[in-house]
K.L.:
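Handing you a structure now.
Atoms within each ligand, like the ligands themselves, are counted from 1 in listed order. FYI, the numbering just counts along the sequence from 1.
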Amino acid sequence: MRLIIMGPPGAGKGTQARYIAEHFGIPAISTGDIFRANVSQGTPLGVEAKRYMDAGEYVPDEITNRMVRNRIDEPDAKQGFLLDGYPRTLAQVEELDGMIKFTGHQLDAVLSVVVDKDEVVKRLLQRAQIEGRADDTEDVIRRRQEVYLEQTQPLIQVYGERDILVEVDGLGEVDEVTKRIFDALDVVPES
Ligand code: ADP
């Protein structure tokens, strides 16, 4: 199973990604989490990525692509994976296509978690108070939404044209959303 979960910042992708990955016995690969782990360990990748993340900008494709390529080469991802937070740009879509094609597999589905813009900004501001993430200040949250609309939203159409897009309503309780996702994925054939 090779899946992508997409949605604007604050859509609750990370939470849902963990449930889906566990269900299918595949790793959930979150580029945001990998970047944050590198930042807290002070690796060269982390130092480089932090500049962009703190401003709400995307880390350059070249850096992100290389990181994902290395991660999906790990043994635990051979049977499949769920990507959370990647791809986020058209260039990343192409790069991922190449990586998957190289292994002789295909992308099974792209889950798009659909949420209301005002609702997600509200959620992110709440999370900011609880977790204190450096990219959770109001200005940065707004910038992240803008960048998402400009660079990532267009990907939904791209995957829609390939007929692998599965849209799920992301509003409501976490387990309601999880149930919707599983119902929607039931109809997706595994490769
Ligand atoms: P969000 O909660 O906004 O969805 P993530 O936790 O997925 O954010 O990612 C946090 C930050 O990490 C992003 O704002 C961006 O700077 C960087 N990042 C994560 N994934 C990517 C990617 N695919 N391309 C470029 N930058 C990324």
K.L.:
Would you tell me whether Tyr19 and Asp175 have side-chain atoms, one donor and one acceptor, within less than 3.5 Å of each other?
P.N.:
no
K.L.:
Is there a donor-acceptor pair closer than 3.5 Å between any side-chain N or O of Gln92 and the backbone N or O of Arg88?
P.N.:
yes
K.L.:
What part of Lys13, side chain from CB on, backbone N/CA/C/O, both or neither, has a heavy atom under 4.0 Å from ligand 1?
P.N.:
side chain
K.L.:
When rounded to the nearest 0.5 angstrom, what is the spacing between CD in Glu161 and CD1 in Ile156?
P.N.:
12.5 Å
K.L.:
Does Glu22 have more than 12 heavy atoms from other residues, nucleotides or ligands lying within 6.0 Å of its CD?
P.N.:
no
K.L.:
Which ligand 1 atoms, with their elements, are less than 4.0 angstrom from a heavy-atom of Gln92?
P.N.:
22 (C), 23 (N), 24 (N), 25 (C)
K.L.:
Step by step, would you call Tyr58 with Thr152 a side-chain hydrogen bond (donor to acceptor under 3.5 Å, both in side chains)?
P.N.:
CA-CA 10 Å; Tyr58 286 167; Thr152 307; 2.6 Å; yes
K.L.:
Less than 4.0 Å between a side-chain N and a carboxylate O, is that true for Asp118 and Arg123?
P.N.:
no
K.L.:
Among all the protein's non-hydrogen atoms, which is closest to atom 9 (O) of ligand 1, and how far away is it?
P.N.:
Gly32 CA, 3.5 Å
K.L.:
What protein heavy atom lies closest to atom 27 (C) of ligand 1? Include the residue and the distance to one decimal.
P.N.:
Phe35 CE1, 3.7 Å
K.L.:
For atom 1 (P) of ligand 1, which of Arg88, Arg36, Met53 has the closest heavy atom?
P.N.:
Arg88
K.L.:
Can you find an N/O atom of Asp84 closer than 3.5 Å to an N/O atom of ligand 1?
P.N.:
no
K.L.:
Got a sec: does the CD of Glu94 have more than 12 other heavy atoms crowding it under 6.0 Å?
P.N.:
no
K.L.:
For ligand 1 and Val59, I'd like to know whether there is a polar contact (N/O to N/O, distance under 3.5 Å).
P.N.:
yes
K.L.:
Compute the shortest N/O to N/O distance between Glu57 and ligand 1 and return yes if it is under 3.5 Å, no if not.
P.N.:
yes
K.L.:
Answer yes or no: does an N/O atom from Tyr86 fall short of 3.5 Å to an N/O atom of ligand 1?
P.N.:
no
K.L.:
When you look at CD of Glu62, are more than 12 heavy atoms from neighbouring residues, nucleotides or ligands closer to it than 6.0 Å?
P.N.:
no
K.L.:
Just which atoms of ligand 1 are under 4.0 Å from any heavy atom in Arg144?
P.N.:
1 (P), 2 (O), 3 (O)
K.L.:
For Ile34, is there any backbone N or O sitting under 3.5 Å from a side-chain donor or acceptor partner on Asn38?
P.N.:
yes
K.L.:
Which atoms of ligand 1 have any heavy atom of Thr64 under 4.0 Å away?
P.N.:
22 (C), 23 (N), 24 (N), 25 (C)
K.L.:
Is ligand 1 under 4.0 Å from a heavy atom in the side chain of Arg127, in the backbone, in both, or in neither?
P.N.:
side chain
K.L.:
Please say whether Gly85 places an N or O atom under 3.5 Å from an N or O atom belonging to ligand 1.
P.N.:
yes
K.L.:
Ignoring angles and geometry beyond distance, decide whether Tyr58 reaches within less than 3.5 Å of ligand 1 through its nitrogen or oxygen atoms.
P.N.:
no
